[in-house]
Amino acid sequence: MIFLLRRKQSFKSILTKPIHFLSNESKHHIFPPLLSLKPSQNPQFNNPRVSSFKPLSTQSSKFPEYEMPTVTWGVVQGRKEKLVSRVIICDYLKSIGIIPDELENLELPSTVDVMRERVEFLQKIGLTIDDFNEYPLMLGCSVRKNIIPVLGYLEKVGIQRSRMGEFVKKYPQVLHASVVVELVPVIRFLRGLDVERQDIGYVLMKYPELLGFKLEGTMSTSVAYLVSIGVNPRDIGPMVTQYPYFLGMRVGTMIKPLVEYLISLGLPKKILARMFEKRAYIIGYDLEEMVKPNVDCLISFGVQKQSLASIIAQYPQILGLPLKAKLSTQQYFFNLKLKIDPEGFARVIEKMPQVTSLGQNVIMKPVDFLIGRGISVDDVAKMIVKCPQLVALQVGLIKNSFYFFKSEMGRPLKELVEFPEFFTYGLESRIKPRFMRLKHKGIRCSLSWFLNCSDQRFEERLYGDYIEGESEGPVFVMGGKLDLPGNDDVAGDEEDESDDEVLYRRTVSL
């Protein structure tokens, strides 16, 4: 009986004695939830058995730029206590305008203080109540374990702190990510594609969903396919900087069908590769909703099918324009103001597709100048159909060339109507020096004969024993080599080049 009494007293003393025998390391290991709360913040800490513990420090040596929370998660609770705490937290969220319905199956902290600090922390970086309602699951992220490490790393790779809230609004799922397992590999992948370090932040702000992609999935396959059709691997980095969205596109359903359709129109892969390198956003054009309807639109306006490849090579953006509306407006304008019929308008589009996006006031300036110098409206229309580049030239350049033509060369206006390309050549670099040499030698020839040739060919013509006949300009042959009538010797110099290389070099200037 005495033995049992002593044993009972000994057991009672153990229960009431403060826990001084635990080391600091043991405390952190056994009671991490308890240690994250200040005694004044929870009545459960008034118990003398817990009062000897000190709360965790609110400072962090790893991410000193963000203020650590004073509380992190809460205390260990039973089932009933958890239900009560959940009700209290949901009432708090409702009181500030957050709808907590989606948090039903999410583990929440045990005290409302923890949730309050999460809300206040996210509001400090720029998020609003509407943002929380848009993606309430972000409230399940621990400030210490999730949010601060992620934000600290994003700032390190180039996301400005002032735009951190904007970034999280675009892609709030990033708060759930592991820095080491998920974020770091994606950044290394981008650097491996030759994306410049200073451009990483810009790329992520443009397309933050990149951080959620698997490296071995869509990103790798899209890059591999583009390289396989001829895109230079060194240009992938600049392409990502310009249009990172193609990294998230599936090859089989988006990129490959677009490439195959453009090839079917007569565009060689080499030209497509150069187009993608310079204008990566073309990859994002929707094939069914945008590209095919625009191609059909061009044909409906009188453009010849064999000219489609040349049009796309000259002006790839035409595939992504609201083309029907633009062509309708320009066709009506050309017919009303310039007296160019629909067939002539189609020839203009074939030679200079950029005219679809040219402002009407810009077009009228050179037209008004030429009409004001005595050239009839019909002749101006003929000049534009033959050389549409006229409508895009600066009036000052046209004026200088015209006055030299009239005062120094003394030729009739009929020659300008027959060869409107005269205005596209540089006055000081080509027209003046060549004309002076012709004048010195007493040679009389057409404008085309001495202007529409290379410097080498001009020298040969200048010192030749006879004046050779004029030849037509280059003709675009779909998918093949350019035919240069009367220039067999030039074609002979290109035997070492492939058909695609000759086509690209002579018809495309990206």
Side-chain angles (χ1 to χ4, degrees), residues 258-259 261-268 270-287 289-335 337-338 340-367 381-394 420-421 423-424 473-480 482 503-510:
L258 175 65
V259 170
Y261 178 74
L262 294 177
I263 290 175
S264 72
L265 297 179
L267 281 162
K270 186 178 182 66
I271 294 180
L272 277 179
R274 300 294 85 77
M275 285 168 49
F276 291 158
E277 288 171 2
K278 301 299 181 182
R279 297 181 176 89
Y281 54 83
I282 296 171
I283 303 173
Y285 288 164
D286 188 277
L287 179 60
E289 299 293 330
M290 192 178 293
V291 177
K292 286 184 177 181
N294 278 357
V295 171
D296 294 338
C297 181
L298 287 170
I299 295 174
S300 69
F301 274 82
V303 172
Q304 301 174 7
K305 289 185 178 180
Q306 59 266 31
S307 299
L308 290 173
S310 175
I311 290 173
I312 296 171
Q314 293 179 67
Y315 190 50
Q317 299 95 312
I318 200 169
L319 296 175
L321 297 175
L323 198 56
K324 187 174 182 179
K326 284 183 173 290
L327 287 180
S328 298
T329 302
Q330 293 292 65
Q331 186 187 67
Y332 177 77
F333 171 77
F334 270 65
N335 191 19
K337 295 290 186 180
L338 309 182
I340 295 176
D341 59 17
E343 183 179 351
F345 178 72
R347 304 292 81 79
V348 169
I349 296 299
E350 290 173 356
K351 294 177 181 178
M352 184 183 166
Q354 293 88 342
V355 78
T356 57
S357 302
L358 209 57
Q360 295 177 1
N361 60 328
V362 175
I363 295 173
M364 286 307 300
K365 288 180 180 179
V367 171
K382 292 178 183 177
M383 294 170 69
I384 293 173
V385 172
K386 189 174 183 182
C387 180
Q389 288 78 8
L390 273 178
V391 299
L393 293 175
Q394 295 180 11
E421 293 89 344
F423 293 106
T424 65
V475 178
F476 185 93
V477 180
M478 184 171 64
L482 289 174
L503 179 62
Y504 169 69
R505 185 168 55 83
R506 288 190 159 170
T507 64
V508 181
S509 178
L510 290 174

Practice prompt. Quick one: closest heavy-atom pair of P420 and C387, and the distance?
Written response: CG-CB, 3.7 Å

Discussion item. Pair T329, Q360 - check side chain to side chain contact (heavy atoms under 4.5 Å, CB included), show working.
Written reply: CA-CA 10 Å; T329 302; Q360 295 177 1; 3.5 Å; yes

Discussion item. For a 4.5 angstrom cut-off between non-hydrogen side-chain atoms, does M290 reach L319?
Written reply: no

Item to complete: Supply the atom-to-atom distance Y285 OH to L262 CG, rounded to the nearest 0.5 angstrom.
Response: 11.0 Å

Fill in: Residue pair P342 / Q331, side-chain heavy-atom distance below 4.5 Å
yes

Item to complete: Taking the side chain as every heavy atom from C-beta outward, state whether Q354 and Q317 have any atom pair closer than 4.5 Å.
Response: no

Fill in: With sequence neighbours excluded, residues passing side-chain hydrogen bond (donor to acceptor under 3.5 Å, both in side chains) with E277
R274

Worksheet entry | Closest contact, heavy atoms only, M275 versus A313 | SD-CA, 4.5 Å

Item to complete: List the steps and the verdict of side chain to side chain contact (heavy atoms under 4.5 Å, CB included) for I349 and V355.
Response: CA-CA 7 Å; I349 296 299; V355 78; 3.3 Å; yes

Worksheet item: Closest heavy-atom contact between R347 and V303?
Response: NH2-CA, 4.4 Å

Practice prompt. Decide if atom NZ of K324 counts as having more than 12 heavy atoms of other residues, nucleotides or ligands within a radius under 6.0 Å.
Written response: no

Worksheet item: Looking at side-chain heavy atoms only, is the closest gap between P366 and L390 below 4.5 Å?
Response: no

Item to complete: State the CD1-CD distance between I311 and E350, to the nearest 0.5 angstrom.
Response: 5.5 Å

Worksheet entry | Minimum-distance pair of heavy atoms, taken over all atoms of L393 and F423 | CD1-O, 3.6 Å

Worksheet item: Any side-chain heavy atom of I384 sitting closer than 4.5 Å to one from V367?
Response: yes

Worksheet item: Below 4.5 Å, heavy atoms only, C-beta onward: do I318 and N294 meet side chain to side chain?
Response: no

Practice prompt. Can you run down the ring pair (Phe, Tyr, Trp, His ring centres under 6.0 Å) pairs that involve residues 315-335, sequence neighbours left out, and say none if there aren't any?
Written response: F334-F345

Discussion item. Is it the case that the side chain of Q314 and the backbone of P353 share a donor-acceptor pair, with hydrogens and angles ignored and the cut-off at 3.5 Å?
Written reply: no

Worksheet item: Between Q389 and T424, what is the shortest heavy-atom contact and its length?
Response: CB-CG2, 4.2 Å

Discussion item. If you count heavy atoms of other groups shown closer than 6.0 angstrom to CD of Q394, is the number above 12?
Written reply: no

Practice prompt. Could you pull out the closest heavy-atom pair between P388 and M352, with the gap in Å?
Written response: O-SD, 3.4 Å

Worksheet item: Under 3.5 Å, side chain of Q330 to main-chain N/O of L358, donor-acceptor pair present?
Response: yes

Item to complete: Working to the nearest 0.5 Å, report the span between CD1 of I340 and CG of N335.
Response: 9.0 Å

Practice prompt. Answer whether the closest heavy-atom distance between the side chains of L267 and L308 falls below 4.5 Å.
Written response: no

Worksheet entry | K386 atom NZ: more than 12 heavy-atom contacts under 6.0 Å | yes

Worksheet item: Do K305 and L265 touch side chain to side chain, with heavy atoms closer than 4.5 Å?
Response: no

